[in-house]
Structure formats: structure tokens, C-alpha cells
Amino acid sequence: MTDKLEEWLDRTLRELPPRAAPGTLEARVLKEIRRRAAQPWWQRGFAHWPPFARVAFVAMGIAVGAFCSLGSVDAANFRSVLPLAQAMRLVSVASALAAVPTHLVSPVWLTAALAAGALLYVMLFGLGAVAYRTLYFKPLGGG
Amino acid sequence: MFMRAYQDMVFSTAARLAGNDALAEDIAQEVFVRAYEHFGQLRGSPSAGGWLKTVATNLMLNHLTRYRRRWRLFSELESPASDEDSGGAIDFPVPDTLLAELGTEQRRAVIDAALRRLPDHQRVPLVLYHFEELSYEAIAARLHVSLAKVKTDIRRGRAAMLPLLNAAGIDRAHLEN
């Protein structure tokens, strides 16, 4: 009897027409689309951020992680991690990249780009330190 | 218009899983907002309907999963031996004429009302099985419950629908004919 019930219910349910959506649905969807379109990018989901902001956010996260892992490096070793000349070169490259779109973007974006450049510099500094410590640095008395 | 072509299907999918029109409308709204974000790919695509249905089902199941602990708790309190066959299942004979006298729209309203009255742990697998045509195994995987529990809940859901249909105005004589 259960098979008969299953068969009957299956047939009956599959034959059912769809329910009519409420008349308010279309207006609600359009209103929500307009509301989301009016939101600034930082209030949207990460997937909707501009590529630049996403890269900067990830870079900042990596930088924070890298700095956390550098807590035990003493000053002498830290200085040797990233020579001054190399650091200056990185800054000049970042500045050059930041200067490219000056005629295309607003000052707000330029400021944000410079801030991102600074963050990227910090990230590279941290990554360089971690890479040196991991690959080349042998602590005194260590193996 | 794209939305008018699919809004009934999307709303029906959400409403049958939710058993709650307000929640179904929220889910349908989110489905179409996401469709708007992918409109370039969906416009003119023959698989747009399938995409919308899948998103509606996933959003609904995600919503229900947030309350899964409460849902499972109630389910297990109600049926501590839920993995075993129920000897007390309602066993109505079901003639082919059941609901046949009702018009299509009346039949839909009566069945939807009966579905709404089922508890979540019976309605959701029942809808996934009969409307979404998922297998028992697929439902168990989607709901993260055992295969035996899915089978038991679906069987009990079916059995529970008959008295609900009867209470909704179906002539008892049809059921026992």
C-alpha cells in the first residue's frame, strides 16, 4: 500500500502547476537591486570589491601574518633581512605604479592607491623577512 | 521579461521547501538579485530555469541548515527510533480518483496547504524527492542525515499528508473507497 501511496503522491505532486508568485515580488527585487547598486563597495561582499581593494586586503592580511611571525627576530638580524637599497627600489617601483593612473582616477582613488602601495611595501618587507628567516638565516647554535 | 517567465517556478520551489510564504518570497528575491548579477550568462540560456531552481533550492536548504540542530532535535524527540521502520504508519488505501474531482488550482491549493502543515524534517525531504527528483541518497547527503532517516521521514510525511488532505476538505469516502 505504501508503494501505491508513493506512486499516487508522486504523480499528483508532479502534475501540480507552480504557485503564482506574489505580485510584490518584482517590485521587491527591483528595489533590492537599486539598493545594492547604491551601496559603496566596502559595504558589499568581498566578491564585489574592486580588484585593487581585494588585492590590498589580502596583502594586508599577509603582512599582518608575516609581522606576527617576526616577533622573535632580533634587531641585528632584522636589519639584514631587507637591505636599504632594495627597500628603496621597491618603494620607487610602487610609486611609479601608483603614478600611472593619475590622469584617469580621482584624488580619492589616488590616495587609496598610495595607501595600498604602502601596504604592499609593508607586505613585501614582511615576506622578505620571513623568506630570509626560513631559507637562509641560521641562528647561532642552531642546526 | 526574464523575471516574469520564471518567478512562479522560483517562488513555488522556495515555498514548498519553506512551508512559509514570507520566507519563500525573501528567498525568491535573493535568487533574482543573484540572477541579475549573472544576467549576461543567463539571458537567452536554455539552462536559466535550472540555474534559478538550483539557486533557490540551495538558498532554502542553507537557510534551513542554520536551524538544523533545532530541527534534528525536534525530529529525534518526536521519533527516537526514526532509523527503524514505523509499525504505526497510517496506511490509507489511495484510489486513483483521490482529488480527481478538484480543479487543478484547487488541487494545488489543497496539497500545498497539506505540505505546509508537515514538520520541516518531513516536508523538506518529501519535496526534494517528489518535486526536485533527488534520490534518497542525494537527499541524505544534502541534509547531512542518514539514508534510513530520509526514507523514514519521507514515508511518514506521505502518510501524514493523507489525513491532512482529508482534513482540508477531501471527502473521506474517496480515501477509503
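A note on names: the letters A, B, ... follow the listed sequences, proteins ahead of strands, and every chain is numbered from 1.
- Within a 6.0 Å radius of CZ in Arg4(B), no more than 12 heavy atoms belonging to other residues, nucleotides or ligands are found.
- A donor-acceptor pair under 3.5 Å is formed between the side chain of Asn62(B) and the backbone N or O of Asn58(B).
- If you run side chain to side chain contact (heavy atoms under 4.5 Å, CB included) between His121(B) and each of Leu143(B), Val145(B), Asp153(B), only Asp153(B) comes through.
- Using non-hydrogen atoms only and a strict 4.5 Å limit, the part of residues 8-28 of chain B facing chain A consists of Asp8(B), Met9(B), Phe11(B), Ser12(B), Ala15(B), Arg16(B), Asp21(B), Glu25(B), Asp26(B), Ala28(B).
- Looking only at distances, a side-chain donor or acceptor of Ser135(B) sits under 3.5 Å from a matching main-chain atom of Ala138(B).
- A side-chain N or O of Gln29(B) and one of Arg28(A) form a donor-acceptor pair less than 3.5 Å apart.
- Remark: side-chain polar atoms of Trp41(A) are not paired, donor with acceptor, to backbone N or O of His48(A) under 3.5 angstrom.
- Using modelled atom types, one finds a donor on one side chain and an acceptor on the other under 3.5 Å when comparing His130(B) with Arg158(B).
- Contacts with chain A (heavy atom to heavy atom, under 4.5 Å) involve these residues of residues 31-40 of chain B, listed by number: Phe32(B), Val33(B), Tyr36(B), Glu37(B).
- The shortest side-chain heavy-atom distance between Met161(B) and Ile111(B) falls under the 4.5 Å cut-off.
- Atom OH of Tyr136(B) has more than 12 heavy atoms from other residues, nucleotides or ligands within 6.0 Å.
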